[in-house]
There are 2 protein chains.
Amino acid sequence: MVALNLKIGDLSRRTRCPAQTIRYYEREGLLPEPTRTAGNYRVYGSEHVEQLAFIRNCRSLDMTLREVRQLLRVRDIPDENCDAAHRLLDEHIAHVATRVAELQLLEKQLKGLRRQCGTAHADKECGILNGLGRRTLADADKKPAAHVRGTHHG
Amino acid sequence: MVALNLKIGDLSRRTRCPAQTIRYYEREGLLPEPTRTAGNYRVYGSEHVEQLAFIRNCRSLDMTLREVRQLLRVRDIPDENCDAAHRLLDEHIAHVATRVAELQLLEKQLKGLRRQCGTAHADKECGILNGLGRRTLADADKKPAAHVRGTHHG
DNA sequence: TTAAAACTCTGTAGCAACTCCAAGGTCAAG
DNA sequence: CTTGACCTTGGAGTTGCTACAGAGTTTTAA
């Protein structure tokens, strides 16, 4: 159960992961290099299907590729105990919880700002625009804290 | 009230914004180009202090630079009514609310996964590692939805 | 058989919002 | 006159992809 002989497009359809992304994971060392055909096409087996599924599951849980790499390493050391996986997951949960709290505070601030102007009028009287210009909105200087970013509405 | 004659380091300290970032905002057209000394040093006035404060306030509310640019444009059209600012802020609030909901779901899933293995043991029996390998964690294929990313614990 | 369509290959650039580095110019103090 | 703090520009790195471009390969249909 290793030789399925999938081309990259087949693997892509099977895992709902774009082919470009599969190549990217390979470059990044998350997926082992597949064998090649005479024509230099990549050929995948079931181990690739499974590993890619693992990666995508982790990603859907918003883990970074760094974390995925660590989990893969843990997974591949047989008969080790799974403390490392526990720690990683616990840390990840903590990060998410932190971010939720931050965003909830943010939401409150935004709604407060929004209440400062409910109606249309000339810009110079707009409580929102004025509020944003003021040196202090609630409390000033708190660092963005490095891991804090990301609402990413594109 | 325009000529304070601040050098970039002075402005940086005053606004707690790194000098590099100030130059970046200038390149991106968010801050007007300052005058220069004979030695080619940037010289800032109070209008720069105020505009930079505005930008940083927006950023601390997690707005994108694109949104900030739009708000600045709105602000600089005098006697216009502030509908545009309202719409922008409402949209931003909606994005944040969406992201909060997503992250809360995520947190639940992660905690569920964590519960699958409470104790140390050999990796191959670990419910976490096994759970991540399974083809379906909760429900499979839901798109990352483009603006959904970002917990970014670096 | 052959020509078009569909697929794959590599490599590069772009996104957001910075941050960091290098190599050098400018200015005040000692 | 030299040290050091500051400033200048330009370019690369970060994260996790996505989107080309230009070329080669394989499959399908006429």
Side-chain angles (χ1 to χ4, degrees), chain A residues 5-31 33-44 52 55-56 58-70 92 95 99 143-154, chain B residues 5-31 33-44 52 55-56 58-70 92 95 99 143-154:
Chain A
N5 291 344
L6 305 175
K7 281 191 288 182
I8 199 166
D10 304 326
L11 181 59
S12 172
R13 272 181 296 280
R14 232 176 229 245
T15 56
R16 290 173 198 77
C17 175
Q20 300 267 34
T21 303
I22 295 173
R23 287 191 203 102
Y24 172 73
Y25 288 158
E26 182 185 330
R27 269 202 308 287
E28 293 299 301
L30 287 151
L31 271 178
E33 291 191 18
T35 52
R36 301 280 184 140
T37 65
N40 201 31
Y41 281 19
R42 290 171 176 81
V43 181
Y44 296 99
L52 185 50
I55 296 168
R56 292 257 110 186
C58 292
R59 291 291 302 132
S60 81
L61 295 175
D62 233 12
M63 294 181 198
T64 63
L65 293 187
R66 192 189 208 293
E67 286 174 316
V68 180
R69 237 186 306 263
Q70 288 170 3
H92 186 57
H95 287 311
R99 185 62 179 148
K143 293 255 160 72
H147 71 278
V148 160
R149 313 233 131 278
T151 310
H152 290 196
H153 33 296
Chain B
N5 290 345
L6 305 174
K7 281 189 289 183
I8 201 167
D10 304 326
L11 181 59
S12 172
R13 273 181 294 279
R14 233 176 228 244
T15 56
R16 290 173 199 77
C17 175
Q20 301 266 34
T21 303
I22 296 173
R23 289 192 201 101
Y24 172 72
Y25 289 158
E26 183 185 329
R27 269 202 307 285
E28 294 299 302
L30 287 150
L31 271 178
E33 292 191 16
T35 52
R36 302 280 185 139
T37 65
N40 201 33
Y41 283 18
R42 289 171 176 81
V43 181
Y44 296 98
L52 185 50
I55 295 168
R56 291 257 108 188
C58 292
R59 291 290 300 131
S60 81
L61 295 175
D62 233 12
M63 294 181 197
T64 62
L65 293 186
R66 190 188 208 295
E67 286 173 315
V68 179
R69 238 186 305 265
Q70 288 170 2
H92 186 58
H95 287 311
R99 186 62 180 147
K143 293 256 161 70
H147 71 277
V148 159
R149 314 233 129 276
T151 311
H152 290 197
H153 35 294

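Below, each value reflects all heavy atoms present in this structure, side chains not excepted, and no hydrogens, waters or symmetry copies. Residue numbers start from 1 in every chain, and the chains themselves are labelled A, B, ... in the order their sequence lines are given, proteins ahead of strands.
- The distance from atom OG1 of Thr21(B) to atom CZ of Arg27(B), rounded to the nearest 0.5 Å, is 9.5 Å.
- The CZ atom of Arg69(A) lies 8.0 Å from the OG1 atom of Thr64(A); values are rounded to the nearest 0.5 Å.
- To the nearest 0.5 Å, the span separating OG1 on Thr35(B) from OH on Tyr44(B) amounts to 9.5 Å.
- Lys7(A) contributes atom NZ, which lies 13.5 Å from atom CZ of Arg42(A) (distance to the nearest 0.5 angstrom).
- Rounded to the nearest 0.5 Å, atoms CD1 (Ile22(B)) and CD1 (Ile55(B)) are 9.5 Å apart.
- Straight-line distance from the CD1 atom of Ile55(A) to the C1' atom of dG16(D): 13 Å, rounded to whole Å.
- One atom, OH of Tyr24(A), and another, P of dT8(C), lie 21 Å apart when rounded to the nearest Å.
- Rounding to whole angstrom units, CD1 of residue Ile8(A) and P of dT26(D) are separated by 15 Å.
- Between Ile22(B) atom CD1 and dA17(C) atom P there is a gap of 18 Å when expressed in whole angstrom units.
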- Item | Sugar-phosphate or base contact per nucleotide [nucleotides 21-28 of chain C; S, B, -; heavy atom under 4.0 Å] | B---BBS-
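- Comment: Arg59(A) does not engage Asp62(A) in a salt bridge, judged by the lack of any side-chain N to carboxylate O separation of less than 4.0 angstrom.
- When the P atom of dC7(D) is taken as reference, atom CG of Leu11(B) falls 10 Å away, rounded to whole Å.
- Between Arg36(A) and the phosphate of dT25(D), there is no side-chain N or O to OP1/OP2 separation shorter than 4.0 Å.
- A sub-4.0 Å separation between OP1 or OP2 of dG16(D) and a side-chain N or O of Arg69(A) is absent.
- Distance alone, capped at 3.5 Å, places no donor-acceptor pair between the His92(A) side chain and the Glu67(A) backbone.
- Comparing dT18(D), dC18(C), dG16(D) by their closest approach to the side chain of Arg56(B) singles out dC18(C).
- Whole-Å rounding puts the Leu6(A) CG to dT26(D) P distance at 17 Å.
- Between Glu28(B) atom CD and dT19(C) atom P the separation is 14 Å, expressed in whole Å.
- Remark: Arg66(A) is not in phosphate contact with dT15(D), judged by side-chain N or O atoms under 4.0 Å from OP1 or OP2.
- Residue-to-nucleotide proximity on DNA chain C shows that, of Arg27(A) and Val43(A), the 5′-proximal contact is made by Val43(A).
- Here the nucleotide nearest the side chain of Pro18(A), chosen from dC18(C), dT19(C), dT18(D), is dT18(D).
- Checking the phosphate oxygens (OP1, OP2) of dC18(C), a side-chain nitrogen or oxygen of Tyr25(B) falls inside 4.0 Å.
- Contact annotation: Thr21(B) reaches the phosphate of dT19(C) (side-chain N/O to OP1 or OP2, under 4.0 Å).
- Atom P of nucleotide dC6(D) and atom CG of Asn5(B) are separated by 19 Å, given to the nearest angstrom.
- Interatomic distance, Gln20(A) CD to Tyr25(A) OH, rounded to the nearest 0.5 Å: 12.5 Å.
- Using a 4.0 Å cut-off, some side-chain N or O of Arg59(A) falls inside it from OP1 or OP2 of dC17(D).
- The phosphate of dT8(C) has neither OP1 nor OP2 within less than 4.0 Å of any side-chain N or O from Arg42(A).
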